Amino acid sequence: MGKIASRVKDAGTSLKILTESGIVRPYSPLVLGGMANALRQWSTTPAGGFKTIALRMPDQTAIIDERGSLTFAESQERTNALAHGLAARGVKPGDGVAVMCRNHRGFIEASVAISKARCRRPLPQHRLRRPAGWPR
């Protein structure tokens, strides 16, 4: 299968999944164009998903934790800033970026920002062990 045919097939599969899940519904052409652009740029990664939701419902609550709540628009701004900060520190697309924090907004925002920076995020192990030979 050619490169273009493969991309069309992938886009069709993504559209089917997004439609069945209720993400793709009737929206204004401006919102639909933004969603299509986000999916073209980031596909169905966390970055693409978060961006499409932020376009659809910017004022809806995205995250609630012990520090309060954030809307999708606020989270979008914060994850953009984090992604730009990673790039400013020399992190390049394809680099691995580890996240070690509690289960709160920082983990979600870092994960989305890493996706926006086109980096890889290794999933953390919940039981960290000292490598053999390391001092105690």
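All values reported here derive from a predicted model rather than from experimental measurement.
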Residues 85-95, side-chain donor-acceptor partners within the protein, below 3.5 Å, at least two apart:
unit_1, atom_1, unit_2, atom_2, d
Lys92, NZ, Gly90, O, 3.4
Asp95, OD2, Lys92, N, 2.8

**Message:** The criterion is side-chain contact (heavy atoms from CB on, under 4.5 Å); which residues satisfy it with Glu77, sequence neighbours excluded?
**Reply:** none
**Asked** Any salt bridge (Lys or Arg N to Asp or Glu O under 4.0 Å) pairs touching residues 11-20, not counting sequence neighbours?
**Response** Lys16-Glu20
**Item:** Separation of Gln60 CD from Ser75 OG (nearest 0.5 Å)
**Value:** 12.5 Å
What side-chain donor-acceptor pairs closer than 3.5 Å can you find for residues 30-38, not counting sequence neighbours?
unit_1, atom_1, unit_2, atom_2, d
Asn37, OD1, Arg40, NH2, 3.1

**Residues forming a side-chain contact (heavy atoms from CB on, under 4.5 Å) with Ser14, sequence neighbours excluded** = Thr44
**Item:** Summary of ring-ring contact (aromatic ring centres under 6.0 Å, His included) pairs that have at least one residue in residues 52-104, sequence neighbours excluded
**Value:** Phe50-Phe72
**Request:** Might you point out which heavy atoms bring Cys119 and Val97 nearest each other, and give the distance in Å?
**Result:** CB-CG2, 4.0 Å
**Item:** Apart from Val8 itself, residues in the same hydrophobic cluster as defined by side-chain heavy atoms under 4.5 Å
**Value:** Ile4
Kindly list each side-chain donor-acceptor pair under 3.5 angstrom involving residues 107-118, sequence neighbours excluded, with atom names and distances?
unit_1, atom_1, unit_2, atom_2, d
Glu109, OE1, Arg78, NE, 3.2
Glu109, OE1, Arg78, NH2, 3.1
Glu109, OE2, Arg78, NE, 2.7
Ser111, OG, Phe107, O, 2.8
Ser111, OG, Arg121, NE, 3.1
Ser115, OG, Thr45, OG1, 3.2
Ser115, OG, Ala47, N, 3.1
Lys116, NZ, Gln76, OE1, 3.2
Lys116, NZ, Thr79, OG1, 2.7
Lys116, NZ, Asn80, OD1, 2.7
Arg118, NH1, Gln41, O, 3.1
Arg118, NH2, Gln41, O, 2.5

**Message:** I need the full list of salt bridge (Lys or Arg N to Asp or Glu O under 4.0 Å) pairs touching residues 59-70, with sequence neighbours left out, sorted by first then second residue.
**Reply:** Asp65-Arg105, Glu66-Arg102
**Message:** The criterion is side-chain contact (heavy atoms from CB on, under 4.5 Å); which residues satisfy it with Ile17, sequence neighbours excluded?
**Reply:** Thr13
**Complete:** With sequence neighbours left out, the residues meeting side-chain contact (heavy atoms from CB on, under 4.5 Å) with Ser69 are Thr61, Ile64
